[in-house]
Peer 1: 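One structure follows; several queries about it will come next.
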Amino acid sequence: MAKGAATAPQATPDMKLHEGLVPKDTLTITDNRTGKAYEVPITHDAIKAIDLRQIKVNPDDFGMMSFDPGFTNTAHCESSITYIDGDKGILRYRGYPIEQLAGKASFLEVSYLIMFGELPTKAHLAEWTNNIVHHTFLHENAKTFLDGFRYDAHPMGVFISTVAALSTFYPEANQIDDPVIRQHQIHRLIAKTPTIAAFAYRHMRGLPYAYPDNELSYAGNFLNMLFKTTEAKYKPNPVLEKALDVLFVLHADHEQNCSTAAMRGIGSSHVDPYSAMAGAAAALYGPLHGGANEQVLRMLREIGSVKAIPEYIKRVKSKEVRLMGFGHRVYKNYDPRAKIIKQIADEVFEVTGRNPLLDIALELERIALEDEYFVSHKLYPNVDFYSGIIYEAMQFPVEMYPVLFAIGRTPGWLAQWQEMLMHKLPITRPRQIFTGVETRDFVPMEKRK
Ligand code: ACO
């Protein structure tokens, strides 16, 4: 069975001391401080951290913990949504390879798959699409507070705040145990994220908001809300519409990344999904996560020409700067999404004209893939390396890049949130290793030195 495949959470079995015959699916741990041996069950190639707690020197000790800053080797859930093999460069949603979904299934089809576990039938997709399409409008009051943001407000800050504010419009959303109410919020969030994103963009540009056109596709309507001017009916360019839809598919889920862990962590307190998703979007905003494609563009502009690349590589190797869009916590091989994006780029550039930054990106990639530093550190282009170049060619300002990522990731966040609730996981509450002063007496002000 694949690592991380879902089963219902199980109670921790009692531990036995290591005596004689050792069952096969166990780990024997010898504590050299006491000479005692412990048998810990292994499930899915993992041991339960709580099973370490019995390992003590003195009976009143707290017991052993595992120390894992950044969760580099800690599974915090069982999940059946997305499978990644970082060494082999594999990404699958519900078992389907990303290469078979991108370009063949629409974003709403993939959202359904991620959410419900199966590809929709024609009838299911029609119903799902209808539910999304009928929730694209924002409450008119939302426009009032959007107007309150400064003209140069970063659209990701606007996006995060507006998603959080939606909870005030739908107070029933805190009934997270009711499947019908939960489903309703899922429709709303998938439907309204493009509207929020487009309104944030129009605000930044000082343009009047363009309302949703529900006759268009999900991506087509988004382009309409972004770029419609005086025409009675906006007609999206089919190549750009398709490219955007594929980009959303590529971003739809990525198992336990920083923002998804935030979604699950915040959701584990049983807050409403709008508040949890605002937190997830905030995590995505950071330059080490969804903010990276914005940084890639800034970096390519800073490099400026193919000639200047070797000098920049030197600065990367001396650790003065990082090569943005390279490296990944999980992929230690080419990110499969980056390969697909590279293919889309050519189709987009046929419509928009070639982005001159592409030459710098291609040369940077060529050098990095041959260079000992990058090879030995297993640093390959990630999803963000080429997406920014495509977004720029489609005339999105860099500030919109993490917002585009957030639209695509919305079904993933929601499916992971729902799965966390279904599995009845406890509130997220990690431990710490305390390294501060144990105890001391209060010193009055006049006696402090
Ligand atoms: N450029 C240069 N060196 C790098 C890079 C990079 N982009 N990424 C990692 N390294 C080096 C580090 O300096 C370190 O070197 P050392 O072992 O000699 O000290 C080693 O590789 C390991 O680096 P970590 O930061 O420990 O790797 P981690 O797995 O924690 O980080 C991360 C992954 C944050 C994505 C990192 O590769 C990075 O900062 N990349 C640039 C930002 C980026 O593109 N982020 C987007 C990720 S994709 C996404 O979120 C959708």
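Remember, it's 1-based here, ligands and their atoms both numbered in the order they're listed.
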Peer 1: Would you say Tyr373 touches ligand 1, if touching means a heavy atom closer than 4.0 Å?
Peer 2: yes

Peer 1: Name the residue from Ile340, Asp384, Asn382 that meets the side chain to side chain contact (heavy atoms under 4.5 Å, CB included) definition with Asp335.
Peer 2: Asn382

Peer 1: Could you tell me if any non-hydrogen atom of Met299 lies under 4.0 Å from any atom of ligand 1?
Peer 2: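 No.
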
Peer 1: Do any nitrogen or oxygen atoms of Pro287 come within less than 3.5 Å of a nitrogen or oxygen of ligand 1?
Peer 2: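 In this structure, Pro287 places no N or O atom under 3.5 Å from an N or O of ligand 1.
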
Peer 1: Is a side-chain donor or acceptor of Lys339 paired with a backbone partner of Tyr334 at a separation under 3.5 angstrom?
Peer 2: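 It does not hold such a pair.
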
Peer 1: Is there at least one pair of N or O atoms, one from Phe374 and one from ligand 1, spaced under 3.5 Å apart?
Peer 2: no

Peer 1: Taking the minimum heavy-atom distance to atom 15 (O) of ligand 1, which of Lys319, Met324, Arg322 ranks first?
Peer 2: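 It is Lys319 whose heavy atom sits nearest to atom 15 (O) of ligand 1.
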
Peer 1: Is the shortest distance from a Lys or Arg side-chain nitrogen in Arg92 or Asp85 to a carboxylate oxygen in the other one below 4.0 Å?
Peer 2: no

Peer 1: Nearest protein heavy atom to atom 27 (O) of ligand 1: under 4.0 Å?
Peer 2: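 Looking at atom 27 (O) of ligand 1, one finds that no protein heavy atom lies closer than 4.0 Å.
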
Peer 1: Considering distance alone, does some N or O of His377 sit under 3.5 Å from an N or O of ligand 1?
Peer 2: yes

Peer 1: Verify the contact flag for atom 40 (N) of ligand 1, where contact means a protein heavy atom under 4.0 Å away.
Peer 2: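 It does; a protein heavy atom is within 4.0 Å.
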
Peer 1: Give the atom numbers and elements of ligand 1 that come within less than 4.0 Å of a heavy atom of Leu323.
Peer 2: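 Atoms satisfying the 4.0 Å criterion: 1 (N), 2 (C), 6 (C), 7 (N).
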
Peer 1: Does the ring center of Phe149 lie less than 6.0 Å from the ring center of His154?
Peer 2: no

Peer 1: Evaluate the 4.0 Å heavy atom contact test for atom 22 (C) of ligand 1: does a protein atom fall under the cut-off?
Peer 2: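 Protein heavy atoms within 4.0 Å of atom 22 (C) of ligand 1 - there are none.
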
Peer 1: Run the salt bridge (Lys or Arg N to Asp or Glu O under 4.0 Å) check on Glu392 and Arg301 step by step: do they pass?
Peer 2: CA-CA 12 Å; Glu392 188 182 70; Arg301 287 197 194 122; 2.3 Å; yes

Peer 1: Between Glu302 and Arg298, does any side-chain N to carboxylate O distance fall below 4.0 Å?
Peer 2: no

Peer 1: Using the rule given for ring pair (Phe, Tyr, Trp, His ring centres under 6.0 Å), can you reason through Phe227 versus Tyr201, listing the C-alpha separation, both sets of side-chain angles and the distance that settles it, and then say yes or no?
Peer 2: CA-CA 10 Å; Phe227 301 127; Tyr201 168 79; 5.8 Å; yes

